[in-house]
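By convention in this document, chain letters (A, B, ...) are assigned in the order of the sequence lines, proteins followed by strands, and residues within each chain are numbered from 1. We use all heavy atoms of the structure for the numbers below, so side chains are in, but hydrogens, waters and symmetry mates are not.
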Amino acid sequence: MSKTVALEILRYNPEVDSEPHFQTYEVPYKDDWVVLDALNHIKDHLDATLSYRWSCHMAVCGSCGMMINGEPKLSCHAFLRDYRDRVIRVEPLDHFPIERDLVIVMDSFIEKLSSVKPYLISNEERPLSDGEHLQTPLQLMAFKQYTQCINCLLCYAACPQCGLNENFVGPAALALAHRYNLDSRDHGKSDRADVVASNEGVWECTFVGACSDVCPKRVDPAAAIQQTKIAASLDWLKALMLPGAKR
Amino acid sequence: MSRRPYTRKVRRSWWLRHRRYVAYMVRELTSLFIGIYSAVLVMGLVRLAQGQSAWDSFVMMLSSTPGVLVQLVCLLFATYHSVTWFALTPKAIPVMVRGQPVSAKTIIRIHYAAWAAVSLVVLIAAGV
């Protein structure tokens with residue numbers, strides 16, 4: 001008999017269910033299968049009603065984040081062979097409402113992301129004839145790791161503050177704000193400060209550090225937030241000592 | 001079909017789910033003991049201002065067995081707080097020297113060296 005593994009999946013059908021419940025599926029075990037392969041097997045062969053998000057199957061699109069045995073993971077990045085248990089528990093990402101089965105409602109994140117203005121803000125319009133905006137390798141190194149974020153939301157599921165205060169701007173959005181603040185081409189720091197340096201911005205973070213632990217792209221949101229706290233404190237001090245000075 | 005998203009509540013026991021959350025909660029708990037020790041220091045200042053006999057009885061209270069025990073427990077938690085905080089400092093204070101990032105280990109070592117230097121100054125000032 002070929003080897004199998006059981007997937008215990010949290011199901012929720014908003015048309016029928018009053019609350020979510022677990023449903024178990026037996027799927028073939030293969031050494032090179034990730035949890036996403038097992039979900040696709042269920043969808044194709046066992047139960048076509050199972051809903052979940054995925055796209056690239058190679059840890060680039062950031063769509064397939066789920067809680068796997070209680071830990072936020074990209075399901076395309078979680079090999080069955082790394083789980084010794086016969087039963088693997090799969091749930092939607094923590095700290096987000098469940099739309100259906102493993103699909104979460106991420107509207108709140110999209111709003112938070114746009115609130116930090118995650119794009120280059122220039123002082124003045126540059127005509128195309130000026131050519132490229134050159135940057136030295138050192139200027140690029142200052143922010144490069146933060147550009148790797150794929151908005152997979154694993155950091156929001158890992159962060160207890162995100163669960164306890166739904167208004168917390170959260171790790172990914174604050175790391176992206178930091179990424180643009182550090183970019184030598186950007187002049188939008190003061191435009192972002194109202195959100196970033198607010199109580200529900202960096203100051204809601206208590207430095208648990210879980211966001212950086214679970215990041216599949218090795219972005220370090222915890223570092224970005226602590227550095228922003230220091231920068232925001234210095235800006236505040238500067239404004240206090242030198243009123244009217246340009247920040 | 002209308003949408004009916006389901007919101008799950010965060011359990012009070014969320015911090016027992018993973019070792020990293022337990023370690024974080026212990027670090028948060030340490031601040032309670034650092035608060036207690038700060039209160040002891042403030043009390044010492046008040047007693048000092050009240051004169052020699054008040055100060056002597058304060059010192060005697062600190063030297064009693066319960067006094068020493070409280071200080072030992074506070075020292076234990078303060079050490080845990082400092083060690084875990086030093087481990088996190090490279091994230092908060094990335095240092096660049098001549099265009100090269102200083103390694104996390106070096107930043108942590110500098111903090112330990114500063115801690116040792118300050119402790120030495122305090123011990124010398126206290127006449128130990």
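Of all heavy-atom pairs between A:His95 and B:Arg8, the closest is N-NH2, 4.4 Å. Here the closest non-hydrogen pair linking A:Gln227 and B:Lys91 is NE2-O, 2.9 Å. Smallest separation of non-hydrogen atoms from B:Tyr6 and A:Ser18: CE1-O, 3.6 Å. Between B:Pro5 and A:Tyr12 the shortest heavy-atom distance is C-OH, 4.3 Å. When all heavy atoms of B:Tyr21 and A:Ala158 are compared, the closest pair comes out as OH-O, 2.5 Å.
At least one donor-acceptor pair closer than 3.5 Å links the side chain of B:Arg4 to the backbone N or O of A:Asp17. Counting only distance, with no hydrogens or angles, the side chain of A:Gln226 and the backbone of B:Ile93 share no donor-acceptor pair below 3.5 Å.
At a 4.5 Å heavy-atom cutoff, A:Ala142 makes no contact with chain B through either its backbone or its side chain. Proximity to chain B involves both the backbone and the side chain of A:Thr206, based on heavy atoms less than 4.5 angstrom apart. Residue contact with chain B, scored on non-hydrogen atoms closer than 4.5 Å, involves the side chain of A:Glu71 exclusively. Interface residue A:Phe207: backbone and side-chain heavy atoms are both found under 4.5 Å from chain B. Residue contact with chain B, scored on non-hydrogen atoms closer than 4.5 Å, involves the backbone and the side chain of A:Pro92 alike.
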- Message: Does B:Trp14 form a side chain to side chain contact (heavy atoms under 4.5 Å, CB included) with A:Leu164? I'd like the steps, not just the answer.
- Response: CA-CA 10 Å; B:Trp14 63 265; A:Leu164 297 169; 4.3 Å; yes
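The distance from atom CE of A:Met141 to atom CD of B:Gln100, rounded to the nearest 0.5 Å, is 6.0 Å.
Side-chain atoms of A:Val214 and B:Arg20, non-hydrogen and from C-beta on, do get closer than 4.5 Å to each other. B:Thr7 is not listed as a side-chain neighbour of A:Glu166, based on a closest heavy-atom distance of 4.5 Å or more.
Put simply, of B:Ala92, B:Ala23, B:Pro101, the one with the most heavy-atom pairs under 4.5 Å next to chain A is B:Ala92.
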